[in-house]
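Here the structure comes first, spelled out in structure tokens, and everything after it is commentary.
Per chain, numbering begins at 1; letters A, B, ... match sequence-line order. Since the model is a prediction, treat every value here as computed from it, not as a measurement.
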Amino acid sequence: MVYIEEIASRVGQEVTVRGWIYNKRSSGKLQFLMVRDGTGTLQVVVFQKNVSAPLFQAVDRLTQESSVVVTGRVRADERAPGGYEMDASDVQILQVAEPYPITPKDHGVPFLMEHRHLWLRSSRQRAILRIRHEIIKACRDFYDSRGFTLVDTPIFTPAACEGTTTLFETRYFDDTAYLTQSGQLYNEATAAAFGKSYCFGPTFRAEKSKTRRHLMEFWMVEPEVSYAELDDIMALAEEFISEIVQKVVVGRRTELATIERDVGRLENVRPPFPRLSYDEAIRLLQEKGLPIQWGDDFGGDEETQLSQQFDRPVMVHRYPSKLKAFYMQPDPQRPEVALCVDVLAPEGYGEIIGGGERIHGHDLLLNRIQEHKLPAEAFRWYLDLRKYGSVPHSGFGMGIERVVAWICGLEHVRETIAFPRMLYRIYP
RNA sequence: UCCUCAGUAGCUCAAUUGGCAGAGCAUCCGGCUGUUAACCGGAGGGUUGUAGGUUCGAGUCCUACCUGAGGAGCCA
């Protein structure tokens, strides 16, 4: 029993491969089965003279995605896709598949999304999800090797973390609970316990956003570092993104080739990243002729314009406080701006990281909670963190799906996760 | 919530000025001893998203609704 990925080392041997029929071609007394097993694709040649007549008939009736166990001798052959093929001596048929909806021809997005559970079998979707896996592994390795402790935060939460955003509401026995939109507040508690911590899990936003960058359920990795200030966290973000990209470029070259990603553009992604203050960004956009004023937030056009000025991610820091969450530390030099940073991915992929320094003074934080009309009782524990050995601390969150979309060069984040939850689509 | 666009065979799409509902792929049957999204011949497959309206006649024009896609706002 072997996997197709190791077939090159089995030339001359008789082996058995288990998989599914990806495609089939025949020429009279000769049939070519393209067998896929998840690790690769292998051309299996069935000669009429090498198998029994009933078996040859049965093989002739195999449909796309039928499950088979094939046994035969492995041979190198230039005519075979991939350079190797198997001369079948036996084909065991587990199931003849019903007519498969996804044919080797073109399909539209709505149809493919309706069959997402089957679409995952295509080589393109498998390549993307393998890259996603590599990215997630790189995130874990990055923090694990730097002394961070993974401390996951709850999915059921008692109240809004940031008030402004729409939350998914759910019953929690006799109470109301909300699905988390960020682990950050809890991370601040764990960072005070561990010094450096991170969480990695799903987050939920009930916003009626219907664009190529939005999912209702997405995964976020969020590091939090005690005693870190804005510059520290910007350096961390820069190193973090660079390492992820380089690990994919080195470790997933085959998959990047499958999806025809321009790897050259990824190889540029190394420190230092350009740093731009919000003030400088506004000036740059105004020079480009965009009608934006100091105090406005960036929309899609602005983010695209900014990111297209650079060949690597750009870090925009010190936004006006009123554009940012209540917990952002004001800049002591200019209290109207916050010590925060957004990282915009190149090629128009938009914001992939948002973060900054958190307010560590108790009274200022209490004022902000009141100004934002947040339920103070729900934040009692959060204020406690400012009573018992409060220190400056910073962190950020990175949206995995947007990073996957950027690294893979995809049109839409829906292909970056196996089963995307989108506005008006929760099937399959 | 708002704006734009699109719904015709299982899928991808045609159908001229409003005048017979079509093709390729998939499926089924037949042919081919090296196929490369194989090819060749044949067959089955339709409430043209739904409901109204205009007209001698509507896939085509009008109205409403449904579904989907792209975008805005908001966000990672």
Side-chain angles (χ1 to χ4, degrees), chain A residues 22-34 41 43-50 56 60-65 75 77-83 85 87 96-115 118-119 122-123 161-162 164-167 181-184 202-222 237 296-304 323-325 342-345 349-355 396-406 411-414 416-417 422-425 427:
Chain A
Y22 168 71
N23 198 0
K24 189 183 71 171
R25 296 180 279 268
S26 67
S27 181
K29 309 295 183 282
L30 191 59
Q31 295 186 62
F32 301 91
L33 310 179
M34 300 303 297
T41 308
Q43 175 160 285
V44 175
V45 186
V46 184
F47 278 96
Q48 191 177 36
K49 63 178 181 181
N50 289 352
F56 193 79
D60 191 43
R61 284 192 295 270
L62 286 176
T63 52
Q64 192 184 349
E65 290 302 315
R75 199 158 41 72
D77 193 314
E78 283 183 355
R79 294 168 296 185
E85 64 183 19
D87 281 322
V96 177
E98 292 180 26
Y100 193 62
I102 301 178
T103 67
K105 297 287 180 182
D106 290 337
H107 297 284
V109 167
F111 177 81
L112 290 168
M113 287 309 305
E114 193 70 15
H115 297 85
L118 302 176
W119 190 19
S122 76
S123 56
C161 289
E162 304 185 15
T164 55
T165 318
T166 318
L167 296 167
Q181 60 180 345
S182 166
Q184 186 223 307
T203 50
F204 308 87
R205 306 264 168 107
E207 289 166 352
K208 295 203 167 176
S209 298
K210 189 173 161 52
T211 78
R212 67 186 70 218
R213 302 187 306 280
H214 285 90
L215 295 172
M216 302 303 107
E217 177 182 310
F218 65 97
W219 286 67
M220 195 152 63
V221 54
E222 297 174 90
D296 293 344
D297 206 352
F298 302 137
D301 286 351
E302 287 82 11
E303 282 190 358
T304 303
L323 295 179
K324 291 293 172 180
D342 283 359
V343 181
L344 308 181
Y349 279 94
E351 186 181 348
I352 52 172
I353 277 181
F396 60 79
M398 187 181 82
I400 293 297
E401 285 75 16
R402 286 191 183 173
V403 171
V404 177
W406 161 49
E411 284 294 309
H412 199 295
V413 291
R414 67 184 151 224
T416 65
I417 186 166
M422 297 184 295
L423 191 61
Y424 308 132
R425 183 180 286 284
Y427 176 92

Closer than 4.0 Å, any side-chain N/O of [X] to the OP1 or OP2 of [N]?
{"X": "A:Arg213", "N": "B:G70", "result": "no"}
{"X": "A:Lys208", "N": "B:U1", "result": "yes"}
{"X": "A:Lys210", "N": "B:A72", "result": "no"}

- Verify whether one side chain among A:Gln64 and A:Thr103 offers a donor that lies under 3.5 Å from an acceptor in the other. no

Counting side-chain heavy atoms from C-beta on, which of [options] comes nearest to [X]?
{"X": "A:Arg425", "options": "B:A26, B:A69, B:A76", "result": "B:A69"}
{"X": "A:Glu207", "options": "B:C75, B:C11, B:A69", "result": "B:C75"}
{"X": "A:Phe47", "options": "B:A69, B:U33, B:G10", "result": "B:U33"}
{"X": "A:Arg212", "options": "B:G70, B:U35, B:C28", "result": "B:G70"}
{"X": "A:Arg402", "options": "B:G34, B:G70, B:C75", "result": "B:C75"}
{"X": "A:His107", "options": "B:A37, B:C11, B:C75", "result": "B:C11"}
{"X": "A:Asn23", "options": "B:G34, B:G68, B:A37", "result": "B:A37"}

- Query: If you measure from the ring centre of A:Phe32 to the centre of the six-membered ring in the base of B:G34, is it under 5.5 Å, with the planes under 30° apart?
  - Reply: no

Quick one: the side chain of [X] and the base of [N], do they pair up donor-acceptor inside 3.5 Å?
{"X": "A:Gln31", "N": "B:U35", "value": "no"}
{"X": "A:Ser209", "N": "B:C74", "value": "yes"}
{"X": "A:Glu85", "N": "B:G34", "value": "yes"}
{"X": "A:His214", "N": "B:C75", "value": "yes"}

- Task: Would you mind reporting whether A:Met34 and A:Pro81 have side-chain heavy atoms less than 4.5 Å apart?
- Result: yes

- pair A:Phe32-A:Asn23: side-chain heavy atoms closer than 4.5 Å: no

- What distance, rounded to whole Å, do you find between the two P atoms, one in B:U48 and one in B:A58?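 One P to the other, the span is 12 Å.
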
- Message: Can you work out whether A:Ser26 or A:Asp301 has the more 5'-proximal nearest nucleotide on RNA chain B?
- Response: A:Ser26

